[in-house]
Amino acid sequence: MPDYMETPRWRDMHVHVREGDAVYTLGAVSAAYCSDILVMPNPFPPHGIDTMERLEAYRKECRAACGPNCTPHMTMKLTPNTTPDLVRAAARAGVTGFKLYPDGATTNSHGGIPQEWLLNRPSIFNETLHAMQEEDLVLPLHGEMPKSFVWDREKHFVEVFWNLAWDFRKLRIVVEHITTAEAVDKVQHLATAGFAIRATITMHHLWMENGASDWHGDGLYPDRYCKPEAKRPEDWQALIRAVKNDAFFLGSDSAPHVPGTKYCYKGCAGCWTACTPGMLVTTFEKHGLLDHLVEFTSRRAGRFYRLDDRPGVVKFRKESWQVPKEIAGYTPFLAGETLPWRMVP
Ligand code: NCD
Ligand code: ZN
């Protein structure tokens with residue numbers, strides 16, 4: 001077993017860097033080891049990044065936070081008011097895509113796309129999606145139907161992404177943070193058949209090998225609560241198998257919350273993992289997947305999002321260390337746990 005390794009800089013294609021001063025803290029955390037991050041558009045609730053003015057202001061902050069070695073690729077929030085003109089303006093401004101949040105599916109998703117529109121797309125929604133396809137923008141999806149039973153939300157979204165893939169054959173679609181064997185199966189099937197669809201998998205879902213038992217089976221771990229929730233051990237096994245396949249790449253969905261909104265009567269979903277990339281190395285080593293690490297963290301997303309490779313490496317040493325209980329006011333997903341791998345300068 002190696003006790004030191006280097007990888008090319010990572011690409012984390014799903015990160016929440018929040019707003020205000022947090023952007024600088026969280027942007028710098030990812031920039032320490034990523035050449036590219038895809039920034040989610042759900043800060044500043046309730047509207048999120050849904051106008052060119054908000055996009056420009058937010059992008060300026062993200063760029064300053066990430067510095068010269070990490071590019072923050074920007075997304076905007078798809079809403080019922082997103083017009084083809086806005087799509088074209090966003091494309092001209094270099095936006096990477098519009099993120100589809102079903103209205104109410106997750107933290108700060110309000111004002112997203114109503115569930116009824118997903119099941120039966122009105123023509124104005126189709127026109128917006130056509131414009132995205134024409135402009136070659138990416139459609140990252142939060143793949144849960146908010147009105148279903150909580151563990152069936154991803155299941156009921158499968159027909160939505162399946163139909164989108166068939167109806168918009170050239171639109172690049174990413175099903176974000178998948179958690180079920182069925183989603184793995186369907187995305188892999190479509191990607192193998194040549195559809196422009198991929199899925200991201202998070203570090204925390206790959207970590208929780210006992211599925212839901214790892215976040216509420218033996219006491220409740222609020223810092224392991226996220227949307228979509230980790231489900232059954234069989235689902236975890238499917239995610240572990242998926243990392244060998246070209247259709248799947250890293251999107252950490254790193255999503256910290258301050259204590260006031262996390263530990264309260266109705267706590268927010270979201271896990272903070274970007275601060276501990278060593279947890280993914282640990283998972284890959286434990287399950288005999290190290291040969292697939294670089295493809296998963298650094299290469300596949302680059303091909304799909306058409307990103308230029310940049311020089312630079314990330315270094316990891318096998319050195320037992322305790323994940324801090326708190327960093328900059330946030331609690332890491334593995335707070336207080338001992339990890340065998342750590343990133344080193
Ligand atoms: C994310 C957040 O907190 O912004 N939460 C989460 O549980 N994943 C939103 C999201 O991506 O679903
Ligand atoms: Zn997210």
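Both ligands and their constituent atoms are indexed starting at 1 by order of listing.
Side-chain rings of Y330 and W272 approach one another, their centers coming within less than 6.0 Å. Checked against a 6.0 Å centroid threshold, the rings of H287 and W236 count as neighbours.
Interface of A255 with ligand 1, defined as ligand atoms under 4.0 Å from a residue heavy atom, comprises 1 (C), 2 (C), 3 (O). Interface atoms of ligand 1 facing H142, defined by a heavy-atom separation under 4.0 Å, are 12 (O). Atoms of ligand 1 lying under 4.0 Å from at least one heavy atom of K227, given by number and element, are 6 (C), 7 (O), 8 (N), 12 (O).
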Margin query: Test side chain to side chain donor-acceptor pair (under 3.5 Å) on Y33 and T7; report intermediate values, then the result.
Written below: CA-CA 10 Å; Y33 60 97; T7 69; over 6 Å; no
Next item on the list: Take T179 and E229 through the test side chain to side chain donor-acceptor pair (under 3.5 Å) and record every step on the way to the result.
Entry: CA-CA 7 Å; T179 62; E229 295 177 10; over 6 Å; no
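The one candidate from D167, L171, L139 that meets the side chain to side chain contact (heavy atoms under 4.5 Å, CB included) condition with Q133 is L171. Screening H204, H16, H142 for a ring pair (Phe, Tyr, Trp, His ring centres under 6.0 Å) involving H177 leaves a single residue, H142. Remark: of the listed residues H73, R310, R9, H73 is the sole one forming a side chain to side chain donor-acceptor pair (under 3.5 Å) with D36.
By the 30° and 60° cut-offs, the orientation of the rings of H47 relative to F44 is parallel.
Checked by distance only, ligand 1 and C226 stay at 3.5 Å or farther apart across all their nitrogen or oxygen atoms. Backbone and side-chain nitrogen or oxygen atoms of D253 are examined, and one is located within less than 3.5 angstrom of a nitrogen or oxygen of ligand 1. Below 3.5 Å of separation, one finds an N or O of G270 facing an N or O of ligand 1. Residue T106 places at least one N or O, backbone or side chain, under 3.5 Å from an N or O of ligand 1. Looking at R18 next to ligand 1, an N or O pair under 3.5 Å apart turns up.
Looking only at distances, a side-chain donor or acceptor of D103 sits under 3.5 Å from a matching main-chain atom of G111.
Residue contacts with ligand 1 leave out M40, since none of its heavy atoms falls under 4.0 Å from the ligand. Within the 4.0 Å heavy-atom shell around ligand 1 one does not find K262. In this structure, N108 falls outside the shell of residues with a heavy atom less than 4.0 angstrom from ligand 1. Ligand 1 has at least one atom lying under 4.0 Å from a heavy atom of H14.
For the pair W166/F161, no side-chain contact is recorded, criterion being any heavy-atom separation below 4.5 Å from C-beta on.
With the Zn ion (ligand 2) as the vertex, NE2 (H16) and NE2 (H14) define an angle of 110°, rounded to 10°.
If you check which protein heavy atom lies closest to atom 5 (N) of ligand 1, you get A269 O, 3.1 Å.
Looking at D253, its N, O or S atom nearest to the Zn ion (ligand 2) turns out to be OD1.
Taking each of E176, H257, H16 in turn, the one with a heavy atom nearest to atom 1 (C) of ligand 1 proves to be H16.
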